[in-house]
Every structure is written in structure tokens, then in C-alpha cells.
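What follows is one structure encoded as C-alpha cells, with my remarks underneath.
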Amino acid sequence: MSDFMQDKKWYRLRKRLYEITAVGYHLDNVSRAYDVVNVLTILLNLAASIMYTYEGVRMQYGEMLLAIETVTAVFFALDYILRIVSARFMYENVRGLTEGQAVRKYMFSFMGVIDLLSWLPYFLPVFFPAGTVAFRMIRVVRILRLFRVNAYHDSLSIITEVLYEKRQQLVSSVFIILMLMIGSSLCMYSLEHEAQPEVFSNAFSGIWWATSTLLTVGYGDIYPITTLGKIFGIFISFLGVGMVAIPTGIISAGFVNQYSTIKSRNDYGYKMNMDFIRIHIEEGEDWCDKKVKDISIPSGMIMAVIKRGDDILIPRGDVVLVDDDIVVLGAIPYESDEHDHIELQEIVLKKQHPWVGLAICNLDISRQSVIVLVKRRNHSMIPNGNMVLEAGDRVFLYTKLHLADAQVVEV
């Protein structure tokens, strides 16, 4: 029994570590504080690395900058260890994934590799002094750790979403540019080799010329001198402008489409505030120690959420209410003291709404918003990731963001 309790405590500890290291909600002060420390540490580490390159600053504050770099590297190492320990909860929604597989999945993910390289090269010279220069170069990878800052802002996430959605088009455009560069190099070699054998000495000696001509206006170090070479160079210069514009246009179109999608949500549905009342469960009451499915609730009311300590629980049928729980029930809006009710946003989905036909797990909503209830005709349903939304559904959204047209939810 003691082993079971220890395992349960270890399980809760690891889950709490995941909640702290993951992007925190504003109600979780510890997690939000860790987020702030994490971002400040990244910025402090980069600032110390940059300032260390100035000889005057290095001579006067070199020891302090090295101390800052050491402390931040230790923090990155501890952060990496904590994420490995809590990796199971990082991929909790992936079915059939064992704990070992979750750890490997994190370690070999993009951010997992960046997290490792942000601190490992700093300590490797202790064991391999001969590779100090190479390890110092690898430390530059730590700048990619700034991608973690992207996780704290939904607006910044649009950048990664656009790049991911347009990845196939971007790869195709880069492939076309590479083929054009190789073809241009071969053609220029044929036209300029006899006139400039020392400049265009082989088939690939024109790669630098092709790159500087297609992607810029050229640097003047390599240029054609024959008439045909100059004509071909002019043609490639004009063609290069169009080639570079292809990925630019793809990314720009992705941004416009993403922002249009966000803006049009209000055009396809309408929002209204709905009042909820809370009930404090005390020992000895009828609902205490009973499962949600065994509780008789009037047909005109719904059970939205259960607040247990600092946790917000979805009231599934097997959830047992215990002493000191706070149950949030939806009822007909009425005037009451602000401490006795909670306001959620209700979104009625029209036929053209972009959420219609999508599973909840695939919705593009803020990471600080949660769908707590879906009401379809006369049925109230607890949402899960596989539930597909339909036209006419009433979606009750619990958001932890400060929205211009909504009030902060208080339970």
C-alpha cells in the first residue's frame, strides 16, 4: 500500500512538473513565474554571449558574463531534465504511447534537440578539451531556443502555423530555385569558359554567380564579359526576381488566409454571455460521494465544470463528487451578486462556421481557451477530442484570456 501511495505521489509530482514547464495559464502563478524566468534566462544568455564578443566589455566584465553563461546553461540543463521526467504528460493525448516512447519522442523532436544543444556544448570541453572551438560554434544553436518564446503568444504561433501549412509549396519553390541555379551555372560555364577559364573553370564554378544573381543583384566579383554571357545574365537577373517572389508570395498568402480565417469567425457565428451558478458541495449533502451520472439534475439545467482545489474537472459520468467541490451549473440567466455566478461565452455555430465538420482536437483555438460543453438540440454533451461539431451546435467556451467582448471566467 505504501508503494502504491509513493507511486501516486510520484505520478502527481511529474504531472505538476509538466504543468509548470509547459505554457502556463494566468491562474497558475507558479507556472507563469517559470515561464517568465525561462524567457528571461534565454534573453540573458544571448545578451551575455553577444556582449562577450566586445573586447572592451570582455576585459572589464568577462568573469561576470562567464558566470551568467554558466548559471543559464545549468538552468537549461535542469529544464531539459524536467521535460524528460514529465515527457509522458507532454504526449498524453497520443494513444498507446509508452513512457519510454514519449521520452524518445521528445528527445528527438525539434525543440528537444534544441533544448539539448543549448547546454550540452557548454560542458563538453570539460571532458574533451581538444574540441573547444567546435563546441563553441555549436553553442550558437541556443539562439533557436527563442522559439520557446513563440509558444507564449498565440499571435506569434501564426508564423509557425503558416510555415507548416505551406511547407509543400515552399519546398517545391526552393527546389525550382536550386534547379535554376544549377542550370544557370552550366549555361554560363559554356558561354564564359573560353573567355574566362580562370573564373569559370568547371561546370559548378558558376554556382556563386548564379546564387548572387538569382537571389540578389550580384556582387561584381564574378560577371560575364562575352556578349552572349551578358545577355544570358540579364535574362537570369529578371528571372531571379520572379523566382524569389514565389516563396514570398506563398508566405504572404498564408498570412492573409490565416488572419482572414480568424477575423471571419465572428461573421459566421454570434456570441452571447451565459450565466452559471456555483454550488459548494459539503459533507453529508445528497450529492457528496456520488457519481455525476447518478445525480438527478433538472432538465433545464446543465453541469458545466467541477472545481476541485486548483483543478478544473470535466463532469464526466464516472467523476465522483467529494467534500469541498464546487459544481458549476448552467441555468436561466438571472440577476445576482457577481460572486455567485460565472460567465462563459456561448457560440452558436452557423452552417458556414469553419468549426462545422471538424473534430474538437483539430480546432484552431487559443491554447488558453477550453470548450466545456456542447449542446446539440435537446442534448447536453461533454466534449472530447473526437467529437465532430455540427451546424446549430451551441458551444460553451471557457477562456482564460482577457477578451475585449467578454469577461474573465471566475469559478
Problem set entry | Check against side chain to side chain contact (heavy atoms under 4.5 Å, CB included), Ile306 and Val292 | CA-CA 10 Å; Ile306 301 171; Val292 171; 4.2 Å; yes

Could you give the distance from [atom1] ([X]) to [atom2] ([Y]), rounded to the nearest 0.5 Å?
{"X": "Leu178", "Y": "Phe175", "atom1": "CG", "atom2": "CZ", "value": "8.0 Å"}
{"X": "Leu373", "Y": "Ile314", "atom1": "CG", "atom2": "CD1", "value": "9.0 Å"}
{"X": "Leu191", "Y": "Leu186", "atom1": "CG", "atom2": "CG", "value": "11.0 Å"}
{"X": "Met51", "Y": "Glu69", "atom1": "CE", "atom2": "CD", "value": "13.5 Å"}
{"X": "Ser109", "Y": "Arg83", "atom1": "OG", "atom2": "CZ", "value": "10.0 Å"}
{"X": "Ser172", "Y": "Lys166", "atom1": "OG", "atom2": "NZ", "value": "12.0 Å"}

Taking the side chain from [X] and the backbone from [Y], do they hold a donor-acceptor pair closer than 3.5 Å?
{"X": "Arg167", "Y": "Tyr164", "result": "yes"}
{"X": "Arg58", "Y": "Tyr52", "result": "yes"}
{"X": "Ser86", "Y": "Leu17", "result": "no"}
{"X": "Ser185", "Y": "Met181", "result": "no"}
{"X": "Ser118", "Y": "Asp115", "result": "yes"}
{"X": "Lys307", "Y": "Gly309", "result": "yes"}
{"X": "Thr53", "Y": "Ser49", "result": "no"}

How about [X] and [Y]: do any of their side-chain heavy atoms sit closer than 4.5 Å?
{"X": "Ser190", "Y": "Phe200", "result": "no"}
{"X": "Leu321", "Y": "Ile295", "result": "yes"}
{"X": "Arg12", "Y": "Lys15", "result": "no"}
{"X": "Val322", "Y": "Ile281", "result": "no"}
{"X": "Leu78", "Y": "Trp119", "result": "no"}
{"X": "Tyr80", "Y": "Leu120", "result": "no"}
{"X": "Cys187", "Y": "Phe232", "result": "yes"}
{"X": "Leu13", "Y": "Trp10", "result": "yes"}

For this session: For side chain to side chain contact (heavy atoms under 4.5 Å, CB included), just list the numbers for Ile68 and Asn45, CA-CA rounded to whole Å, side-chain angles, deciding distance to a tenth of an Å, and then say yes or no.
Result: CA-CA 7 Å; Ile68 292 175; Asn45 180 276; over 6 Å; no

For this session: Kindly determine whether Met107 and Arg104 satisfy side chain to side chain contact (heavy atoms under 4.5 Å, CB included), including the steps that lead there.
Result: CA-CA 5 Å; Met107 293 179 64; Arg104 288 194 296 271; 5.5 Å; no

Minimum heavy-atom distance [X]-[Y], with the two atoms named:
{"X": "Thr21", "Y": "Asp79", "answer": "CG2-OD1, 4.5 Å"}
{"X": "Phe75", "Y": "Thr41", "answer": "CD2-CG2, 3.6 Å"}
{"X": "Met188", "Y": "Gly233", "answer": "CE-N, 4.2 Å"}
{"X": "Glu192", "Y": "Pro224", "answer": "OE2-CB, 3.4 Å"}
{"X": "Ser184", "Y": "Ile236", "answer": "OG-CD1, 3.2 Å"}
{"X": "Ala391", "Y": "Val356", "answer": "N-CG1, 3.8 Å"}

Problem set entry | side chain to side chain contact (heavy atoms under 4.5 Å, CB included) partner of Leu170, the single match among Ile246, Leu163, Val162 |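 It is Leu163, the one option of Ile246, Leu163, Val162 that forms the side chain to side chain contact (heavy atoms under 4.5 Å, CB included) with Leu170.
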
Exercise. Out of Tyr106, Tyr18, Tyr11, which one pairs with Arg88 under the side chain to side chain contact (heavy atoms under 4.5 Å, CB included) rule?
Worked result: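 Only match with Arg88 under side chain to side chain contact (heavy atoms under 4.5 Å, CB included): Tyr11.
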
Exercise. How far apart are the C-alpha atoms of Met387 and Ile371, what are their side-chain angles, what is the distance that settles it, and do they pass the side chain to side chain contact (heavy atoms under 4.5 Å, CB included) test?
Worked result: CA-CA 11 Å; Met387 179 183 294; Ile371 295 177; over 6 Å; no

Exercise. When you look at CE of Met59, are more than 12 heavy atoms from neighbouring residues, nucleotides or ligands closer to it than 6.0 Å?
Worked result: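 No, not enclosed.
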
Exercise. Just by distance, with hydrogens left out, do Asp325 and His280 show a side-chain donor and acceptor under 3.5 Å apart?
Worked result: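 Looking only at side-chain atoms, His280 and Asp325 do not form any donor-acceptor pair under 3.5 Å.
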
